[in-house]
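Here the structure is laid out as structure tokens; the discussion comes afterwards.
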There are 2 protein chains.
Amino acid sequence: MPDTTRRADSLPGNRYGNRPTMKDVAARAGVGLKTVSRVVNGEPGVTPDTERRVQEAIEALGFRRNDSARVLRKGRTASIGLVLEDLADPFYGPLSRAVEEVARAHGALLINGSSAEDPEREQELALALCARRVDGLVVIPAGDDHRYLEPEIRAGVATVFVDRPAGRIDADVVLSDNYGGARDGVAHLIAHGHRRIGFIGDMPRIHTAAERLRGYRAAMEDAGIPVEDEWMSLGATNPERVRRAAEEMLSGPAPVTAIFAGNNRVTVTVIRVLAERTRPVAFVGFDDFELADLLQPGVTVVAQDAAALGRTAAERLFRQLDGGLVAPERVELPTRLITRGSGELPPAD
Amino acid sequence: MPDTTRRADSLPGNRYGNRPTMKDVAARAGVGLKTVSRVVNGEPGVTPDTERRVQEAIEALGFRRNDSARVLRKGRTASIGLVLEDLADPFYGPLSRAVEEVARAHGALLINGSSAEDPEREQELALALCARRVDGLVVIPAGDDHRYLEPEIRAGVATVFVDRPAGRIDADVVLSDNYGGARDGVAHLIAHGHRRIGFIGDMPRIHTAAERLRGYRAAMEDAGIPVEDEWMSLGATNPERVRRAAEEMLSGPAPVTAIFAGNNRVTVTVIRVLAERTRPVAFVGFDDFELADLLQPGVTVVAQDAAALGRTAAERLFRQLDGGLVAPERVELPTRLITRGSGELPPAD
DNA sequence: CGCGCATCTGACAACGTTGTCCAGGCTCTA
DNA sequence: TAGAGCCTGGACAACGTTGTCAGATGCGCG
């Protein structure tokens, strides 16, 4: 007759420390399994004396509830996933921190991963998170087709996209006003007398990059300035490439007198290039950064509020979870032009 | 007679979309449950024809394996937890990114949370992660007593502490050479002729802060310079407080001629204060930061390699997991003095 | 034609928890 | 003191998956 009352001790050591379970606690406390569950979950209907006995057993055995089993039973994991582009990017730090704070306020944990701007990796990550049955997903898209998430969303995974819109599906999206911000930044340069203005941005397949480029073009058009092809660099944003692009724009017979940088990584490199030159070149960058005010001259930027992006997205996520489904919305947060000197330099013609 | 063959459809909607299970897939494909499991896990022993039928059913139903159940069965979650101080701190970005990369290479996901320098919150987070049965834990300690993790470690949760040592338990620790770095930085100032050198650091209950303070004292002592109490500020590092501390050191009859900052946040504020002054004051900061070279003068720093800290810690973690238990070790990574100008200013006496 | 063997498949239990439901003991009142 | 009702505690099934094991099927060979 096989003994089924206790798990076989002959199991190979695939499970590490053989943690105590509620059953063990119950045995030690001399109570039923469900009573332990009640104590652990603070449910009513346990006499103080029984509770004390159970607590002692828990203490003695070092018991900790297995949330995997709990999740399996309850159907909610109290955790949300965050797929972003790069945890190490200073722009995403405050964003994920904000998401985390909101999650914490709702008693949820945050699982996150970096897509490294690779659509496949984004998908792999997002689906892995779904397999863990996260309650919701905040995604900073790397790809432009998110139909792979349709079954998940239908199955009840709350989903919000941030920073860039979802591709080919209808979902909540929280964005900065990339178009307006870039337009304002470039208009600012134009207002200070510039006409030959360079734009260095990321690949236009990235939505934010495309929008900012559109803002640049709009500002130029509004001012009646035809844009020359050599004034624009739209490609990878590794330092070497950006450096080369900046140097090309700044040389030749009719160099640009001002540069607008499409994101924080570009900004850093362009500032390096400009610092090596003697002729002053006006500069405005998208994204604020620490110590921008202490450089000489201070760096004028179009700032977006990364924390607000994260917070807004996470709040929408939990609204989906708490209040049932709401119609997908597109929220656009304003940007702010911060003048510090570099954007107010006159053209050195 | 109750029908137990299928879960009751009368369940209240506590479970959202009622996702399909392997059972559903099996029913649709007209095969057994275990066969579906075999297909999903790529186990051998399934005819191509059967496999195709199963795949089609999976596709049609939008099935995705429930990892919670899998974890419950297998005992390993393929996820590790990271408890850090603040996701938004630029120092921890690269660190967590490095941990994530290593985790990814081992097929594991990363769950992380910020303790906000609060020991209780650290404990709460770490234990929540253990309840999720993470396979391992990377902790940047906020508190100085980690005995609460003893049962978990005994139960097989691999654990590595980074940036600061564990308190009151024996565990793997990966640190920067805070003492040596600070000593070198201060010695550098002394070598450039300074004797009245200020130190602004965090609360000494934080290990790194205490070690850096020790390095400062050691350098001063080595040079035979008695340290005055007014030269040291050891407290919270909010901007107001740091600003006040810096301004006090720089005024009075015998002001300091150089300042050593204990971490990146202090550095930022001190640089602000120094930028407002006309008299040049030499400066060295602990922790490198972006654009430090572009300030006037460039900022000399003692740099630690955050990514290396994270990578080393995560690698040790997985070594624990793969190779069974190894004796706990304390690894100390060297720091690097990067001279850029601010630390080489002569004393303005 | 029958037997053995290899291959493929499925029934069943178990993982650790929670929800349901019932039993037993107690108190309170008539 | 008996009956009703309440309070506490426990037995049992279920969550969705995987490991074990045995049954079914088909094939080759004697």
Side-chain angles (χ1 to χ4, degrees), chain A residues 2-12 14-16 18-27 29-51 53-54 61 63-78 131-133 155, chain B residues 2-12 14-16 18-27 29-51 53-54 61 63-78 131-133 155:
Chain A
D3 174 16
T4 60
T5 60
R6 199 66 193 79
R7 97 173 137 256
D9 280 333
S10 57
L11 260 185
N14 62 345
R15 195 173 307 268
Y16 257 28
N18 241 348
R19 277 168 167 282
T21 72
M22 284 194 179
K23 203 166 162 186
D24 300 321
V25 174
V31 302
L33 179 53
K34 180 64 207 201
T35 301
V36 176
S37 172
R38 271 194 270 264
V39 171
V40 169
N41 293 298
E43 286 172 31
V46 182
T47 35
D49 183 56
T50 310
E51 170 157 7
R53 285 216 316 285
V54 172
L61 295 174
F63 167 80
R64 186 160 319 283
R65 180 177 63 196
N66 184 332
D67 270 349
S68 295
R70 173 169 227 252
V71 159
L72 180 58
R73 190 60 235 252
K74 306 204 77 156
R76 285 289 190 94
T77 56
R132 305 270 156 136
R133 293 295 187 269
Chain B
D3 174 18
T4 60
T5 60
R6 196 69 192 81
R7 97 170 135 257
D9 281 332
S10 57
L11 260 186
N14 64 345
R15 197 173 306 268
Y16 258 25
N18 240 348
R19 277 167 168 279
T21 70
M22 283 193 178
K23 204 166 163 186
D24 301 320
V25 175
V31 301
L33 178 53
K34 179 66 208 200
T35 301
V36 177
S37 171
R38 272 193 269 264
V39 171
V40 169
N41 294 297
E43 288 171 30
V46 183
T47 33
D49 183 56
T50 310
E51 170 157 7
R53 286 217 315 288
V54 172
L61 295 174
F63 166 80
R64 188 163 315 286
R65 182 178 60 197
N66 185 331
D67 270 350
S68 295
R70 171 171 229 250
V71 158
L72 179 58
R73 192 59 237 251
K74 305 204 75 155
R76 283 289 190 96
T77 57
R132 305 268 157 139
R133 294 295 187 269

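Remember, it's a predicted structure, so these values are computed and weren't measured experimentally.
When the P atom of D:dT18 is taken as reference, atom CG of B:L72 falls 11 Å away, rounded to whole Å. The CG-P distance, from A:N66 to D:dT17, rounds to 17 Å in whole Å. When the P atom of D:dG9 is taken as reference, atom CE of A:M22 falls 15 Å away, rounded to whole Å. Atom CZ of A:R19 and atom P of C:dA14 are 23 Å apart (whole Å). Distance A:K23 NZ to C:dC15 C1': 10 Å, rounded to the nearest Å. Rounded to an integer number of Å, the gap from A:K74 NZ to D:dA14 C1' is 14 Å. D:dT17 atom C1' lies 13 Å from atom CG of B:D24, rounded to whole Å. As a whole-Å value, the separation of B:R70 CZ from C:dC15 C1' is 14 Å.
The residue A:S68 sits apart from the nucleic acid: no heavy atom pair falls under 4.0 Å. Contacts of A:N41 with the nucleic acid, taken as non-hydrogen atoms under 4.0 Å apart, involve only primed sugar atoms and P, OP1 or OP2. Across all strands shown, A:T47 has heavy atoms under 4.0 Å from sugar-phosphate atoms exclusively, and none from any base. When heavy atoms are screened at a 4.0 angstrom cut-off, B:G45 is found touching base atoms of the nucleic acid. Nucleic acid contact for B:R65: sugar-phosphate only, since backbone atoms but no base atoms lie under 4.0 Å from a heavy atom of the residue. Among the atoms of the strands shown, none is found under 4.0 Å from any heavy atom of A:V40. Among the protein residues, A:V46 comes within range of the sugar-phosphate backbone only, with heavy atoms under 4.0 Å from sugar or phosphate atoms but none that close to a base.
Projected onto DNA chain C by closest heavy-atom contact, B:R133 and B:T50 fall at different nucleotides, the more 5' of which corresponds to B:T50.
When all heavy atoms are compared, the tightest approach of B:V71 to A:S68 is CG1-OG, 3.1 Å. The two atoms that bring B:L61 and B:P20 nearest to each other are O-CG, 3.4 Å, heavy atoms only. Minimum interatomic distance between A:V39 and A:V46 (heavy atoms only, all atoms of both residues): CG2-CG1, 4.1 Å.
The base of C:dG19 lies close enough to the side chain of A:K34 for a donor and an acceptor atom to sit less than 3.5 Å apart. Looking at B:R73, its side chain comes within 3.5 Å of the base of D:dT18 through a donor and an acceptor atom. Residue-to-nucleotide contacts include a donor-acceptor pair under 3.5 Å from the side chain of A:R38 to the base of D:dG10.
Listed for the A:R64 side chain is no donor-acceptor partner under 3.5 Å among the backbone atoms of B:R132.
Residue A:T35 places at least one side-chain N or O closer than 4.0 Å to OP1 or OP2 of D:dG10.
Side-chain contact between B:R65 and B:N41: present, with at least one pair of heavy atoms (C-beta onward) separated by less than 4.5 Å.
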